Structures are given as structure tokens and as C-alpha cells.
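What you see is a predicted model, and the numbers here were worked out from it, not measured in a lab.
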Amino acid sequence: MSMPGSPFATLRSFTRDPSVKNTKIAPGTWRRILSYARPYRALIWVFLVLLVIDAGLTVALPLLFRRIIDDGITPGNTAVVTTTAMIAGVVVVIDAGLGLVSRWYSARIGEGLIYDLRTEVFTHVQTQSVAFFTRAQTGALVSRLNSDVIGAQQAFTSTMSGVLGNLISVVVVLITMLLLDWRITLGALVLLPLFLLPARWMGRTLQSLTREQMTLNADMSSQMTERFNVAGALLVKLFGDQELESASFSSRAARVRDIGVRIAMANRYFFTALTLVASLATVLTYGFGGLAVINGALTIGTLIALTGLLAQLYGPLTALSNVRVDVMTALVSFERVFEVLDLTPLVRDAPEARPVPAGPLAIEFDDVHFSYPGADQVSLASLESIARADSRPPEPVLNGVTFTAAAGSLTALVGPSGAGKTTITALVARLYDASEGHVRVGGVDVRDVTGASLRSAVGYVTQEAHLFHETIRSNLVYARADADEEAIWQALEAAQIAPLVRSLPDGLDTVVGDRGHRLSGGEKQRLALARLLLKGPRVVVLDEATAHLDSESEAAVQRALDNALAGRTSLVIAHRLSTVRQADQILVVADGHIVERGTHAELLAEGGLYADLYATQFAE
């Protein structure tokens with residue numbers, strides 16, 4: 001159980017960034033950290049008791065060896081030698097057992113904290129609005145769930161066991177050594193500064209090299225990731241030069257190799273310095289102690305005990321010299337986790353939110369104004385890169401939009417790109433909240449209903465249907481967990497995709513997604529519509545669901561849409577105006593305003609923007 005004072009633990013302590021100790025920790029951080037430890041307080045107390053027992057066993061063996069030599073071997077007392085050796089053997093077995101038990105408690109506390117923090121962060125991040133995910137870097141978020149959570153966990157395992165274990169060991173060993181012979185003990189400690197000064201310099205060097213290695217590894221991994229995905233590989237095949245690609249990768253890999261060699265040598269210098277100083281201290285102890293034994297001032301057993309204890313002293317003492325950096329590193333990790341947990345979701349349920357009313361649902365927009373929120377409202381600078389410099393004031397996207405889509409009717413949104421059509425549909429699903437005005441579903445403002453009931457009432461199909469890297473069945477029941485086999489096949493039939501699924505070797509258990517079975521754009525859209533039909537929402541929102549499809553796929557998706565929209569309140573964005581001729585009303589959106597409204601025939605008769613768009617598409 002000497003891990004807290006091991007060379008590896010000492011090296012890790014010295015390679016941490018020393019500048020972290022100057023970080024200002026927010027008030028209340030300690031109290032908040034301890035709240036996470038509360039469920040594990042019984043385990044922590046047992047773990048601390050084990051550390052104390054281990055410290056006692058650290059000095060027990062050298063003292064037992066002293067007794068064997070002074071009271072057994074020297075006077076020729078075989079009984080003392082036998083008995084003491086047996087006791088030493090029992091101590092060794094107990095020490096090994098304590099090591100296993102202590103490791104279990106350490107792992108149970110640490111992994112439990114990782115579980116608690118990860119699940120809390122994941123759950124909280126899921127409550128964030130879409131605006132948060134459009135700004136935050138995925139890699140930075142994953143890092144919070146991995147690196148920072150593990151760093152926070154180390155506050156209760158590595159740091160706690162390291163600091164407390166080293167402190168207890170140093171105190172117990174020093175007291176024992178001073179009681180055995182204070183002069184030799186002080187002489188051995190004189191060499192400690194000779195190690196600490198170069199160790200700190202080596203720690204800074206290793207910290208700098210490690211940071212450079214992480215950067216170089218990231219560059220190399222980035223090239224592999226970009227070239228190994230389907231789109232990147234295709235681009236390389238069509239335009240790239242394989243020799244140049246290989247040369248570029250070889251250059252990056254060579255830099256990673258070189259920095260690895262430098263880090264390996266720096267590590268070796270560190271361990272060599274630690275071993276050298278400890279060896280010199282042992283030599284001095286044997287030198288002065290040997291003279292003391294010859295002069296009768298010290299027994300041989302005491303000398304052996306002192307050298308044994310000395311080996312248990314330098315590692316913990318060295319690690320404790322950097323304890324502030326260790327503690328602050330753990331605290332900073334906790335603060336980075338808390339930073340995410342303290343980010344208030346932009347869209348959240350009101351305290352007295354109620355379910356969406358039963359029955360058919362109408363959609364109402366009442367003088368709605370909207371601007372996309374700024375970075376300071378939805379995200380954290382530490383989770384962004386380029387976006388963090390974006391300080392422009394938000395520009396209005398919708399300006400006084402007012403309309404009503406009657407229950408069970410089909411309303412189409414048409415107009416040029418960037419006019420605000422997708423924003424209108426996003427407000428219905430409450431992906432964002434209106435800056436001014438009211439968006440009502442079933443006569444109730446969407447801000448006054450529960451998010452769960454709104455998600456149940458509103459079904460949304462985007463232009464790019466996303467499928468998880470899971471089975472077709474899993475992708476479908478994601479919309480309705482209790483759906484049985486019959487309901488799944490009914491949805492697939494209605495979406496005009498059942499024959500294809502039956503033809504697949506694994507049927508519903510076929511894995512799809514980015515690395516699964518390759519589906520065409522139309523097939524993905526029909527699976528997305530099947531998911532929508534399985535959900536059975538009362539309001540359907542379609543954001544250009546037939547865009548970028550060939551004629552055959554569009555025809556199949558259109559038949560599926562007829563089934564999806566039947567009897568439901570529908571809000572449809574369409575660039576292909578042929579798909580919305582039968583809409584109950586068409587809203588023409590331009591520059592955040594509704595500039596025209598009416599049926600297909602009425603808008604053609606007006607000769608305005610809709611007529612121009614229609615004439616452009618069907619000029620031939």
C-alpha cells in the first residue's frame with residue numbers, strides 16, 4: 001500500500017501545471033464538493049482508517065527486522081528469530097490484503113463520483129436549448145464528461161489518498177526515525193533539497209513537453225479522422241495526392257515520435273535523480289551509522305531499521321512539497337464541471353407549466369418577434385473556439401409574425417432562403433422562445449406547457465433525417481418506447497418503406513446510421529416519417545422533407561407524407577411549390593415578415609412574390 005508515495009505518483013504531481021495554484025476558486029466550492037462526498041462518507045471514513053493502518057505497517061517491518069537482528073541473531077536466540085519472522089510474515093500478508101481492500105474502497109468512491117458527475121452533467125446538458133449545441137464544441141463537451149470529471153474524481157481518490165497517505169506516512173516514519181536516532185535522521189534529510197530543486201525544474205520541463213505532445217497528437221488524430229471518414233476519404237480519392245498525404249502524416253507522426261523520446265528521457269532523468277538521492281542518503285546512513293555501531297552508540301538492528309525507514313520517507317516528502325498544485329488541480333476540474341452544471345437552460349418549463357390540451361390543436365402566432373440569442377445567453381466561452389469572439393448584437397429574424405393554422409389544416413411556408421421559415425417551425429416545437437409576442441398550441445402559450453407534453457404533441461421531420469448508429473427498430477421506438485411489433489410495421493407501411501425493411505437481411509434489426517447499412521436520402525426520410533407516424537403527434541412540422549430527393553424518392557416520400565398529414569395540424573416548409581398546391585393556406589415569408597397569405601389559386605391571382613417564385617420554378 002505504498003502507492004501514494006510511489007515514484008509514479010510523485011512524478012505525476014510534478015508534471016502538473018504549477019500556474020494552477022494561483023487560480024482563484026469561487027466561494028462555496030469546497031462546500032459544494034463535500035456535498036458530492038456525502039453519499040460516500042462511510043466509505044471515505046473506512047478508507048482513511050485503512051490509510052492510518054497502512055502507515056503503521058510501514059514502520060512495523062523495519063522495527064521487526066531490528067528485533068530479529070538485535071534480539072535474535074546477535075545473541076543467538078532462535079525462538080525470537082522464528083517468532084518475529086512469523087509475525088513479519090503475517091504483517092506482510094495483512095499489508096497485501098489491506099492494499100486490495102484499500103484499492104476497492106478507493107475505486108468504489110472514485111467510480112461512484114464519476115458516475116454521479118457524468119450522469120448529472122449529461123442530464124443537464126440535455127436540458128439545454130438547441131442554441132447551446134449550435135455554439136458549443138462537441139469535443140469540449142465530451143472533455144467535460146471525461147477529462148474534467150475524472151480530474152474532479154481524483155480529488156477524492158488520488159489527491160485525498162496521496163496527500164493524507166503521504167502526510168500520515170511522513171509523520172509516522174519521521175517520529176520513528178527520530179526516536180531511533182535523531183542525528184542520523186537529520187543527516188539523511190539534508191540531501192532532500194538537492195533533489196527538490198532539480199525535480200521542480202524537471203516537472204516544469206515535463207509539463208511543457210506533455211502539453212506539446214497533446215497538441216501534436218491532436219493534429220495527427222485530426223488528420224486521421226478527416227481522412228478516414230467517408231466524405232474525407234472520397235475527397236482524397238477524387239482530388240488528393242496519396243504521396244503528399246503520406247508525407248504530411250509522416251511528418252506529424254515523426255514529431256510525435258520525437259517528443260515521445262524526449263518525454264521518456266525526462267522521465268528517466270526524474271527517476272534517476274530520485275533513486276540517486278535516496279541511494280546517497282542510504283550510503284550516508286550506512287556510513288555514519290556503521291561508525292556509530294563500531295563505537296557502540298548504535299545497534300546493527302537499529303541501523304538496518306533506519307535504512308529501511310529511509311526508503312519510505314523520500315517519496316512522500318517529495319510529493320508533499322507539491323501538494324498545493326495537486327489540490328488546486330482537482331479543484332479546478334471541479335469548477336469546470338460546475339461551470340456546465342450552473343449554465344441555466346434558455347428554454348425550460350415554467351414553475352406552473354401544464355400539459356398541452358387534449359383534442360385537435362390549432363397553431364397561433366400573435367405578433368411574434370424573434371432574434372437568435374447571443375453567446376452570453378446560451379453558452380460558455382470555454383466550450384467554444386471561434387464563436388467566443390462573436391460579440392455582435394443579435395439581429396431580428398422575425399418581425400411581427402401573426403397567423404393561425406386551424407386544427408387539422410395544412411399550412412405551407414414558402415419564400416426565399418433565410419426568410420425565417422425554419423425559425424417559425426422551431427418556435428412551434430419550442431426549440432427557442434419568442435423574443436416578443438405569443439406562440440400558442442391549442443390556445444395555450446408554449447411557454448406555459450410542459451416540455452414533455454409539447455414533444456408528445458408535436459412531431460418534427462427535418463430536411464436531413466438523422467439516424468442513430470443503432471438498429472432500425474431502435475431508431476423507430478426512440479419516438480415511442482412502448483410500441484409493439486404490429487405498430488412498428490403499420491408505421492413502416494404508411495411511410496412506404498416496409499418492403500425495403502423486409503428485404504434487408506436482418507429486417508428491423510439492421511444497423512443503420514453513419515457506419516451502418518447505407519440508405520439513400522429518400523429511404524432515410526421515409527424512416528424518419530415512419531418514426532413520426534409511430535409517435536402519432538397531433539401537430540406535424542416538416543422542414544423541407546422532400547428537398548434534394550430524386551423524382552422517384554420524392555413521389556414515395558410524398559405518398560408517405562399524405563399518410564403522415566392526414567387529420568393532423570400540419571406546418572410544412574417547401575421549396576418545391578408543387579408539393580403545397582393543396583395546402584389550406586400558404587404563407588409567403590420574406591425578411592422575417594409574412595408578406596402574402598392565401599390558397600395556391602389566390603396567390604397566383606395576386607401576381608406577387610409567390611406567383612414569381614412559382615413562375616420561376618415552372619418557367620419551362
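With a 4.5 Å cut-off on side-chain heavy atoms, Arg108 and Val46 do not count as touching.
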What side-chain donor-acceptor pairs closer than 3.5 Å can you find for residues 281-296, not counting sequence neighbours?
unit_1: Thr282; atom_1: OG1; unit_2: Ala278; atom_2: O; d: 2.8
unit_1: Thr285; atom_1: OG1; unit_2: Ala281; atom_2: O; d: 2.8
unit_1: Asn295; atom_1: ND2; unit_2: Leu291; atom_2: O; d: 3.1

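For Tyr40, the OH atom sits in a packed shell: over 12 heavy atoms of surrounding residues, nucleotides or ligands are nearer than 6.0 Å. Within a 6.0 Å sphere centred on CH2 of Trp104, heavy atoms belonging to other residues, nucleotides or ligands number more than 12. Enclosure of atom CD1 in Ile73 by more than 12 non-hydrogen atoms of other residues, nucleotides or ligands within 6.0 angstrom is indicated.
From Ile44, atom CD1 reaches atom OG of Ser106 across 10.5 Å, with rounding to the nearest 0.5 Å. With rounding to the nearest 0.5 Å, the separation of CG in Leu63 from CD1 in Ile304 is 13.0 Å. In this structure, Asp349 CG and Arg430 CZ are separated by 6.5 Å, a value rounded to the nearest 0.5 Å. The OG1 atom of Thr127 sits 11.0 Å away from atom CG of Leu346, with the distance rounded to the nearest 0.5 Å. Separating the CG atom in Asp71 from the OG1 atom in Thr84 is a distance of 7.5 Å, to the nearest 0.5 Å. Atom CG in Leu48 sits 6.5 Å away from atom CH2 in Trp45 (nearest 0.5 Å).
Shortest non-hydrogen contact noted between Val512 and Leu467 is CG2-CD1, 4.1 Å. Across Arg66 and Ala305, no two heavy atoms sit closer than the pair CB-CB, 3.9 Å. Smallest separation of non-hydrogen atoms from Val173 and Gln312: CG2-CB, 4.3 Å. Counting all heavy atoms, side chain and backbone alike, Pro345 lies closest to His124 at CD-CE1, 4.2 Å. Of all heavy-atom pairs between Gly308 and Pro62, the closest is C-CG, 4.3 Å. Here the closest non-hydrogen pair linking Leu61 and Ala88 is CD2-O, 3.8 Å.
Between the Thr83 side chain and the Ala79 main chain, a donor and an acceptor come within less than 3.5 Å of each other. For Ser250 (side chain) and Ala247 (main-chain N/O), no donor-acceptor pair under 3.5 Å exists by modelled atom type. Listed for the Asp433 side chain is no donor-acceptor partner under 3.5 Å among the backbone atoms of Val347. Formation of a donor-acceptor pair under 3.5 Å by the Arg103 side chain with backbone atoms of Leu100 is not found in this model. At least one donor-acceptor pair closer than 3.5 Å links the side chain of Thr74 to the backbone N or O of Ile69.
Judged as a salt bridge (Lys or Arg N to Asp or Glu O under 4.0 Å), and not counting sequence neighbours, the contacts of Asp181 are Arg183. Partners of Arg118 according to the salt bridge (Lys or Arg N to Asp or Glu O under 4.0 Å) rule, which considers only residues two or more places apart in sequence or in another chain, do not exist here.
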Practice prompt. Could you go through the side-chain contact (heavy atoms from CB on, under 4.5 Å) check for Ile94 and Leu98 one step at a time?
Written response: CA-CA 6 Å; Ile94 293 174; Leu98 278 176; 4.1 Å; yes
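If you check the side chains of Arg255 and Ser251, you find a donor sitting under 3.5 Å from an acceptor.
Between Tyr36 and Phe338, the ring-plane angle classifies as parallel under the 30° and 60° cut-offs.
Of the options Val172, Leu306, Leu186, a side-chain contact (heavy atoms from CB on, under 4.5 Å) to Met177 is made by Leu306 and by none of the others.
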